[in-house]
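Okay, so here's the structure we're looking at.
Model, not experiment: these values are computed from the prediction. These values consider heavy atoms only, across backbone and side chains, with no hydrogens, waters or symmetry-generated copies.
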Amino acid sequence: QEHYGGLNGLTITWIGDGNNVLHSIMMSAAKLGMHLRIATPKGFEPDHRITKITEQFSKEYGTKLLLTTDPLEAADGANVLVTDTWISMGQEEEKKERLKAFQGYQITMQTAKSAASNWTFLHCLPRKPEEVDDEVFYSPRSLVFQEAENRKWTI
């Protein structure tokens, strides 16, 4: 909101694990007027119950929702590209399996080519290079440090 001046009509794209951070975005995006595009590997989708609620919110608020396994399809037309850790606390023993499943999900400038011309990048940190490459993470399009600063004010 700070960057775009408002959220209504923006398209936010999540590429990565169907985790708690995604669930929070799913529960709020439509209510804020944002279209949501989600790409997760098969077997790592968001919770089915959250997806059902999100589908209802999308209909109620007139937004679009896409769930896919194709990161480039999800990135198409996105104003905001978002990812998070692929290996959450308690999943360390699954690291090898998860890294294999998430091959091709790293956010790169190639991913951003299909995004909107005003795209930005968010990640709630800490970030691993396999999730987003340095070129995107340290680019002027990356708002991760402003995002982190904003979180400080809520603590």
Side-chain angles (χ1 to χ4, degrees), residues 1-3 7 10-32 34-55 57-58 65-116 119-155:
Q1 183 168 328
E2 182 180 337
H3 180 79
L7 300 175
L10 291 179
T11 298
I12 186 166
T13 292
W14 177 272
I15 298 174
D17 191 19
N19 65 18
N20 61 320
V21 176
L22 173 58
H23 291 154
S24 293
I25 292 170
M26 292 172 74
M27 295 302 291
S28 60
K31 291 179 181 181
L32 298 168
M34 295 188 299
H35 307 292
L36 181 56
R37 302 172 69 86
I38 300 168
T40 58
K42 203 153 197 59
F44 296 90
E45 298 89 353
D47 184 284
H48 181 69
R49 295 168 296 182
I50 302 292
T51 300
K52 284 291 179 203
I53 294 167
T54 303
E55 288 169 347
F57 286 162
S58 251
L65 173 66
L66 170 75
L67 286 99
T68 181
T69 58
D70 183 347
L72 294 179
E73 179 184 13
D76 189 42
N79 303 105
V80 184
L81 299 171
V82 187
T83 194
D84 185 29
T85 185
W86 297 344
I87 305 156
S88 294
M89 290 183 291
Q91 297 174 330
E92 294 84 1
E93 290 182 15
E94 303 171 22
K95 182 176 181 175
K96 189 174 179 181
E97 169 198 341
R98 285 177 160 273
L99 289 177
K100 184 177 179 183
F102 283 90
Q103 285 181 1
Y105 282 78
Q106 181 191 48
I107 296 180
T108 65
M109 287 298 184
Q110 184 65 35
T111 312
K113 279 186 180 178
S114 62
W119 70 271
T120 55
F121 173 74
L122 295 174
H123 190 300
C124 62
L125 305 179
R127 150 280 182 167
K128 304 279 189 305
E130 61 265 12
E131 299 155 1
V132 56
D133 71 4
D134 285 349
E135 189 176 13
V136 170
F137 187 79
Y138 292 110
S139 79
R141 304 292 189 123
S142 176
L143 302 178
V144 297
F145 298 113
Q146 294 95 317
E147 178 184 7
E149 179 187 7
N150 286 341
R151 267 196 318 276
K152 286 173 43 177
W153 297 106
T154 65
I155 295 173

Legend entry - Closest contact, heavy atoms only, Asp47 versus His23: N-NE2, 2.9 Å
Legend entry - Nearest atoms (heavy-atom pairs only) where Arg127 meets Asp133: NH2-C, 3.4 Å
Inset, instruction - Give a yes or no answer on whether the side chain of Arg98 reaches the backbone of Ser88 with a donor-acceptor pair at less than 3.5 Å. - result: no
Legend entry - Min side-chain heavy-atom separation Leu10-Ile12 under 4.5 Å: no
Inset, instruction - Locate the shortest heavy-atom distance separating Thr54 from Met27; write the atom from each residue and the value. - result: OG1-N, 4.5 Å
Inset, instruction - Measure the spacing between CZ of Arg141 and CG of Leu81 and express it to the nearest 0.5 Å. - result: 10.0 Å
Inset, instruction - Check for a donor-acceptor pair, side chain of Glu94 on one end and backbone N or O of Ile87 on the other, with a separation under 3.5 Å. - result: no
Inset, instruction - May I ask you to say whether Arg37 pairs ionically with Asp70, meaning some side-chain N is under 4.0 Å from a carboxylate O? - result: no
Inset, instruction - Tell me, with the steps shown, if Leu143 and His3 meet side-chain contact (heavy atoms from CB on, under 4.5 Å). - result: CA-CA 9 Å; Leu143 302 178; His3 180 79; 3.7 Å; yes
Inset, instruction - Mind telling me whether Trp86 and Phe102 have parallel, tilted or perpendicular rings, with 30° and 60° as the class edges? - result: parallel
Inset, instruction - Quick one: pull up CE in Met26 and CG in Leu65 and give me the separation to the nearest 0.5 Å. - result: 6.5 Å
Inset, instruction - Evaluate whether atom CD of Glu92 has more than 12 neighbouring non-hydrogen atoms of other residues, nucleotides or ligands under 6.0 angstrom away. - result: yes
Inset, instruction - For Ser142 and Ser139, indicate whether the former's side chain and the latter's backbone hold a donor-acceptor pair under 3.5 Å. - result: no
Legend entry - Gln1 and Leu32, any side-chain heavy atoms less than 4.5 Å apart: no
Inset, instruction - Would you give the length of the straight line joining atom CG of Leu36 to atom CG of Leu67, rounded to the nearest 0.5 angstrom? - result: 7.5 Å
Legend entry - Tyr138 and Phe121 aromatic centres sub-6.0 Å: no
Legend entry - Minimum heavy-atom distance Pro46-Thr51, with the two atoms named: CG-OG1, 3.7 Å
Inset, instruction - Go through the structure and list residues passing side-chain hydrogen bond (donor to acceptor under 3.5 Å, both in side chains) with Thr11, not counting sequence neighbours. - result: none
Legend entry - CG-CH2 distance between Leu66 and Trp14, expressed to the nearest 0.5 angstrom: 15.5 Å
Legend entry - Candidate pair Asp84 and Leu22, rule side-chain contact (heavy atoms from CB on, under 4.5 Å), full reasoning: CA-CA 8 Å; Asp84 185 29; Leu22 173 58; over 6 Å; no
Legend entry - Ser58 versus Ala30, closest heavy-atom pair with distance: N-CB, 3.9 Å
Inset, instruction - Could you tell me whether the side chain of Glu147 and the main chain of His123 form a donor-acceptor pair under 3.5 Å? - result: yes
Legend entry - Asn19 versus Val21, closest heavy-atom pair with distance: OD1-N, 3.0 Å
Legend entry - Side-chain heavy atoms of Ile107 within contact of Val82, under 4.5 Å: no
Inset, instruction - Output the distance between atom OG1 (Thr13) and atom CD1 (Ile38), rounded to the nearest 0.5 Å. - result: 9.0 Å
Legend entry - Between CD on residue Glu2 and CG on residue Leu7, distance to nearest 0.5 Å: 11.0 Å
Legend entry - Donor-acceptor pair, side chain of Glu131 and main chain of Lys128, under 3.5 angstrom: yes
Legend entry - Tyr105 (side chain) donor-acceptor with Pro71 (main chain) under 3.5 angstrom: no
Inset, instruction - Dump the intermediate steps for side-chain contact (heavy atoms from CB on, under 4.5 Å) on Lys96 and Glu93, then the final yes or no. - result: CA-CA 8 Å; Lys96 189 174 179 181; Glu93 290 182 15; over 6 Å; no
Inset, instruction - Just do the side-chain contact (heavy atoms from CB on, under 4.5 Å) check on Leu99 and Glu130 with the steps written out, would you? - result: CA-CA 8 Å; Leu99 289 177; Glu130 61 265 12; 3.7 Å; yes
Legend entry - Check against salt bridge (Lys or Arg N to Asp or Glu O under 4.0 Å), Glu55 and Lys52: CA-CA 5 Å; Glu55 288 169 347; Lys52 284 291 179 203; 3.6 Å; yes
